[in-house]
Amino acid sequence: MTSAVTPATSRATFAIGEEQIARRVVDLLTETLDGGELAVAAFEHSDGRWGVSMHFATPPDEERIRAQVTLAAGDAVARTVVFDTIAARDWVEASLEGLAPVPAGRFVVHGRHDRARVPPNKLGIEIEAALAFGTGHHGTTRGCLLLLDQVLRSKMPRRVLDLGAGTGVLAIAAAKALRRKVLASDIDPRSTIVANENAALNGVGDLVESICATGFSAPLFRARAPFDLVLANILANPLRQMAPVMATHLASEAVVILSGLLPHQTRGVIAAYRAQGLVLIRQMRVDGWCSLLMQNRG
């Protein structure tokens with residue numbers, strides 16, 4: 001597993017009263033700060049309040065962090081941010097230790113420390129600390145898992161693609177549920193390594209193949225197409241841009257799950273895919289983020 005151990009770990013912590021606000025703050029900080037240098041987590045204290053913890057690979061710019069917290073939660077909260085240094089350890093893993101298992105339909109995303117908390121009738125997806133986006137605690141990932149669970153109630157896709165796989169959560173979920181091969185891709189070489197490692201950790205290393213590729217440029221996409229199911233948890237602009245090429249890689253009646261969208265971005269993405277013959281089946285909002293389920297009718 002890729003290591004993120006540093007001689008010392010910088011940390012910033014503060015507390016917020018409500019879970020929903022805490023998670024929105026985490027989402028905003030994750031989006032606006034460098035994800036390669038930062039891990040952000042929200043967790044519940046014993047007194048019912050919610051804490052936010054940020055772990056940094058290198059000592060942070062404290063003034064900038066307070067400014068971002070001000071934007072996310074207000075000046076009063078920003079003034080309570082405490083910066084400190086903790087002993088050497090994996091700083092991403094440290095951020096995940098405070099996160100409870102995340103249920104999403106038949107799936108439960110969890111860390112190593114929570115293996116025993118996965119119900120026997122659920123499919124556990126264990127994600128170790130890694131320098132890649134997508135632990136299951138983000139609203140986009142959970143929205144995709146919930147829509148995937150809905151799809152699998154009535155369909156058994158044979159050819160599956162996870163586009164922008166990150167840590168491989170969605171590819172692992174599909175492989176575990178279907179016991180079929182899943183192609184996963186990401187533009188970040190580190191993410192492809194992590195996704196393959198996580199697949200092996202979850203017992204589906206022989207089913208998930210993660211490659212480094214931009215869009216649909218790799219020859220392997222053409223070799224594996226047409227896909228019956230595409231999972232794409234990316235961002236609005238690249239999703240719109242790749243709609244035409246994605247459509248050429250879809251089987252008839254294929255389903256597509258799109259995420260990484262803020263509410264005001266959904267209309268443009270839906271329109272881009274409608275132009276390629278896809279129709280909207282369901283739209284879901286989780287923690288302020290939107291996920292779309294669409295079907296190819298072209």
**Student:** Any Lys/Arg nitrogen of Asp114 or Arg117 sitting under 4.0 Å from an Asp/Glu carboxylate oxygen of the other?
**Tutor:** yes
**Student:** Please evaluate residues Val204 and Arg179 with respect to the criterion side chain to side chain contact (heavy atoms under 4.5 Å, CB included), reporting the C-alpha separation (whole Å), side-chain torsions for both, the decisive distance (0.1 Å), and the verdict.
**Tutor:** CA-CA 8 Å; Val204 289; Arg179 303 310 303 179; 3.5 Å; yes
**Student:** With a 4.0 Å cut-off, would you call Glu126 and Arg112 a salt bridge?
**Tutor:**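 No, this pair does not count.
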**Student:** Please check: side-chain N/O of Asn198 versus main-chain N/O of Ile127, any donor-acceptor pairing under 3.5 Å?
**Tutor:**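 Pair absent, no side-chain N/O of Asn198 close to backbone of Ile127.
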**Student:** Once you round to the nearest 0.5 Å, how far does CG of Leu258 lie from CG of Leu235?
**Tutor:**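 Between atom CG of Leu258 and atom CG of Leu235 there are 12.0 Å.
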**Student:** Is His110 close to Val102 at the side-chain level, that is, under 4.5 Å between some pair of heavy atoms?
**Tutor:** no
**Student:** If you define the side chain from C-beta out and look only at heavy atoms, does anything of Leu147 sit under 4.5 Å from Met284?
**Tutor:** yes
**Student:** What I'd like to find out is whether the side chain of Asn233 reaches to under 4.5 Å of the side chain of Leu170, using heavy atoms alone.
**Tutor:**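 They are in side-chain contact.
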**Student:** Please tabulate, for side-chain N and O atoms in residues 262-277, each donor-acceptor pair with protein atoms closer than 3.5 Å (sequence neighbours left out).
**Tutor:**
{"residue": "Gln265", "atom": "OE1", "partner": "Leu262", "partner atom": "N", "Å": "2.8"}
{"residue": "Thr266", "atom": "OG1", "partner": "Pro263", "partner atom": "O", "Å": "2.9"}
{"residue": "Tyr273", "atom": "OH", "partner": "Leu239", "partner atom": "O", "Å": "2.7"}

**Student:** Would you compute the distance between atom CD1 of Ile172 and atom CG of Asp162 and round it to the nearest 0.5 angstrom?
**Tutor:** 9.0 Å
**Student:** Show me the donor-acceptor pairs within less than 3.5 Å that the side chains of residues 289-298 make with the rest of the protein, sequence neighbours left out.
**Tutor:**
{"residue": "Trp289", "atom": "NE1", "partner": "Asp27", "partner atom": "OD2", "Å": "2.9"}
{"residue": "Ser291", "atom": "OG", "partner": "Ser259", "partner atom": "OG", "Å": "2.7"}
{"residue": "Gln295", "atom": "OE1", "partner": "Arg297", "partner atom": "NE", "Å": "3.3"}
{"residue": "Gln295", "atom": "OE1", "partner": "Arg297", "partner atom": "NH2", "Å": "2.9"}
{"residue": "Gln295", "atom": "NE2", "partner": "Glu253", "partner atom": "O", "Å": "3.1"}
{"residue": "Gln295", "atom": "NE2", "partner": "Glu253", "partner atom": "OE1", "Å": "3.3"}
{"residue": "Asn296", "atom": "OD1", "partner": "Gly298", "partner atom": "N", "Å": "3.1"}
{"residue": "Asn296", "atom": "ND2", "partner": "Ala251", "partner atom": "O", "Å": "3.0"}

**Student:** Does any part of the side chain of Met54, heavy atoms only, come nearer than 4.5 Å to the side chain of Val26, both counted from C-beta?
**Tutor:**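 No, too far: nothing below the 4.5 Å cut-off.
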**Student:** Does Leu148 reach the side chain of Ile257, with side-chain heavy atoms less than 4.5 Å apart?
**Tutor:** yes
**Student:** Using the side-chain hydrogen bond (donor to acceptor under 3.5 Å, both in side chains) criterion, which residues pair with Arg79? Sequence neighbours excluded.
**Tutor:** Asp75
**Student:** Quick one, Met246 and Leu163 - any side-chain contact, counting heavy atoms below 4.5 Å?
**Tutor:**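 They are in contact (side-chain heavy atoms under 4.5 Å apart), so the answer is yes.
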**Student:** I'd like a table of donor-acceptor pairs (distance under 3.5 Å, sequence neighbours excluded) in which one partner is a side-chain atom from residues 208-221, with atom names and distances.
**Tutor:**
{"residue": "Glu209", "atom": "OE1", "partner": "Arg224", "partner atom": "NH2", "Å": "2.4"}
{"residue": "Ser217", "atom": "OG", "partner": "Thr214", "partner atom": "O", "Å": "2.7"}

**Student:** Please list, chain by chain and in numerical order, all residues satisfying side-chain contact (heavy atoms from CB on, under 4.5 Å) with Pro60, sequence neighbours excluded.
**Tutor:**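 Counting only residues at least two positions away or on another chain, Pro60 forms a side-chain contact (heavy atoms from CB on, under 4.5 Å) with Ser10, Phe56, Ile65, Phe83.
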**Student:** Just how far is it from atom CZ of Phe107 to atom CD1 of Ile125, taken to the nearest 0.5 Å?
**Tutor:** 6.0 Å
**Student:** List for me each residue that meets side-chain contact (heavy atoms from CB on, under 4.5 Å) alongside Pro119, sequence neighbours excluded, and say none if there are none.
**Tutor:**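 Testing Pro119 for side-chain contact (heavy atoms from CB on, under 4.5 Å), a comparison that skips the adjacent residues, returns Val108, Asn121, Lys122.
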**Student:** Would a 4.5 Å heavy-atom cut-off, applied to side chains only, mark Val160 and Leu183 as touching?
**Tutor:** no
**Student:** When you look at CD1 of Ile187, are more than 12 heavy atoms from neighbouring residues, nucleotides or ligands closer to it than 6.0 Å?
**Tutor:** no
**Student:** Mind checking whether Leu250 and Val230 have side chains closer than 4.5 Å, heavy atoms only?
**Tutor:** yes
